[in-house]
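Notes to accompany the following structure.
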Amino acid sequence: MDLKTARQIVDALKQSDRILITSHVDPDGDSVGSQLALYDYVTSLGKIAAIFGQGTIPSKYLFLNGIDKIVTDSSNAVFDADTAVVLEATSIERIGKVKRMLTQGMRIVNIDHHIGNSNYGDLNLVDESASSVGELLYKILKLDGFRMHRETAEKLYTAILTDTGRFHFASTTPDALRIAAELVEAGARPRVITDKIYFSMSAEQTRVIGEMMCNAELVHQGRMCVMSLTEEMVEARGLSFADFEGAVEYSMYVKSVEVGMLFKSVGDNCTKVSIRSRSSFDVAALARRFGGGGHVNAAGATIMMPFEAAKKALVESAGEVFSAND
Ligand code: 5GP
Ligand code: MN
């Protein structure tokens, strides 16, 4: 992490009075945990802060202390801030409707760990080697001697746990593990948090996942698994897509699979894809071809194409990469 920029961020936050915190649309564990932890830090400095986002918070994160601080429908929200901290967003477009709230003269602080961040901030702390934004925030808070309470520790632990896929992905670095250990020392409860996030599904959720796995297709000689979730499948059980954040992980359960995809039909002409890989297959590069982004082994895109057409295009595109790599 670039210490000079981290110190400048601490100074900028201390000079601010009103701080707007935001992250990418359809929040995941890193964005939720990181936003809440940053809120704890800046309010401990006596600042007025507010968190604005877009998209439903997956129910598995609702146990986190202060979760109700996140405004999820920011369409008509007003908050006169002097500084906006944008977490986890490769480009400013990723924050969706909240972009409207970033007015002229506001200082923008950009903290991210994705490849290809466009450095849209006045201060940019972009570290691709970090497991998560939670890890970067831990380092920033520690730099300023913040006294970590259990609540904040659990938010940062959630960020690291989920973005490393439960300490599974290549992003599970010594730093990520050391920080996780320090968070446990500060009171974070690994058993409780993992249970809340990964082992607290409703029976309906497990049925939909069962259906999704039954219908999974293995393509490219079993090297790729394609799974689908449609609105009908989800709504038939009284659920929403937010209940399946992270479900792409099931596409990687088969040994031969190098690349897994989960397609969600989010509208007639809009398809969201989540992509994972375990090899050197760069799924962020694949996602970028379709206007998305992410990391080498975890990426996604929102494609303005009908469901079947988007699937076909992605499967073909991945096939080209397999052929080129062979
Ligand atoms: P997920 O598949 O869990 O939604 O996202 C995996 C990774 O891909 C995350 O790092 C996320 O930020 C990135 N990602 C997911 N969807 C999009 C998208 O529509 N655009 C961009 N630029 N990145 C995305
Ligand atoms: Mn992240």
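All of these numbers come straight from a predicted model, not from anything done at the bench. Remember, it's 1-based here, ligands and their atoms both numbered in the order they're listed.
- A salt bridge is defined here as a Lys NZ or Arg NE, NH1 or NH2 lying under 4.0 Å from an Asp or Glu carboxylate O, and Lys272 with Asp26 fails to meet this definition.
- From Tyr41, atom OH reaches atom CG of Leu141 across 6.0 Å, with rounding to the nearest 0.5 Å.
- Of the inter-residue distances, the one linking Ile21 atom CD1 with Lys47 atom NZ reads 12.5 Å to the nearest 0.5 angstrom.
- Closest to atom 11 (C) of ligand 1 by heavy atom, among Arg94, His24, Lys272, is Arg94.
- If you look at Asp30 and ask which of its N, O or S atoms sits nearest the Mn ion (ligand 2), the answer is OD2.
- Of all protein heavy atoms, the one closest to atom 6 (C) of ligand 1 is Arg276 NH1, 3.6 Å.
- Looking only at protein heavy atoms, the nearest one to atom 9 (C) of ligand 1 is His114 NE2, 3.8 Å.
- Contact annotation: for Glu88 versus ligand 1, there are no heavy atoms closer than 4.0 Å.
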**Q.** Stepwise side-chain contact (heavy atoms from CB on, under 4.5 Å) test for Ile193 and Phe63
**A.** CA-CA 9 Å; Ile193 299 171; Phe63 73 97; 4.1 Å; yes

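- Numbered from 1 in the order shown, with element, the atoms of ligand 1 that lie under 4.0 Å from a heavy atom of His295 read 10 (O).
- The Mn ion (ligand 2) lies at the vertex of an angle of 90° between the NE2 atom of His113 and the OD2 atom of Asp163 (rounded to 10°).
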Q) Between Arg237 and Asp243, is a side-chain contact (heavy atoms from CB on, under 4.5 Å) present by the stated rule, with each step listed? A) CA-CA 11 Å; Arg237 304 261 181 198; Asp243 294 310; over 6 Å; no

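- Residues Lys142 and Glu182 are in side-chain contact: their nearest non-hydrogen atoms beyond the backbone lie under 4.5 Å apart.
- A ring-centre distance under 6.0 Å is not found for Phe241 and Phe244.
- Electrostatic pairing of Arg191 and Asp195 counts as a salt bridge here, judged by a charged N lying under 4.0 Å from a carboxylate O.
- Counting only heavy atoms of the protein, atom 19 (O) of ligand 1 lies nearest to Thr302 OG1, 3.0 Å.
- The closest heavy-atom contact to atom 5 (O) of ligand 1, among the options Ala299, Ala89, Ala301, Gly294, comes from Ala299.
- For Glu93, no heavy-atom contact with ligand 1 is shorter than 4.0 Å.
- For atom 13 (C) of ligand 1, the closest non-hydrogen atom of the protein is Gly293 O, 3.4 Å.
- With values rounded to the nearest 0.5 angstrom, Ser277 atom OG is found 9.5 Å from Leu286 atom CG.
- Between the Mn ion (ligand 2) and Glu88 there is an N/O/S contact shorter than 2.8 Å.
- Counting atoms of ligand 1 from 1 in the listed order, those under 4.0 Å from a heavy atom of Ser274 are 1 (P), 2 (O), 4 (O).
- Below 4.0 Å from some heavy atom of Gly292 lie the following atoms of ligand 1, by number and element: 20 (N), 21 (C), 22 (N).
- Taking 4.5 Å as the limit, every side-chain heavy atom of Tyr39 sits out of range of all side-chain heavy atoms of Lys155.
- Residue-level proximity to ligand 1 for Glu245 is absent, since no heavy atom of it falls below 4.0 angstrom.
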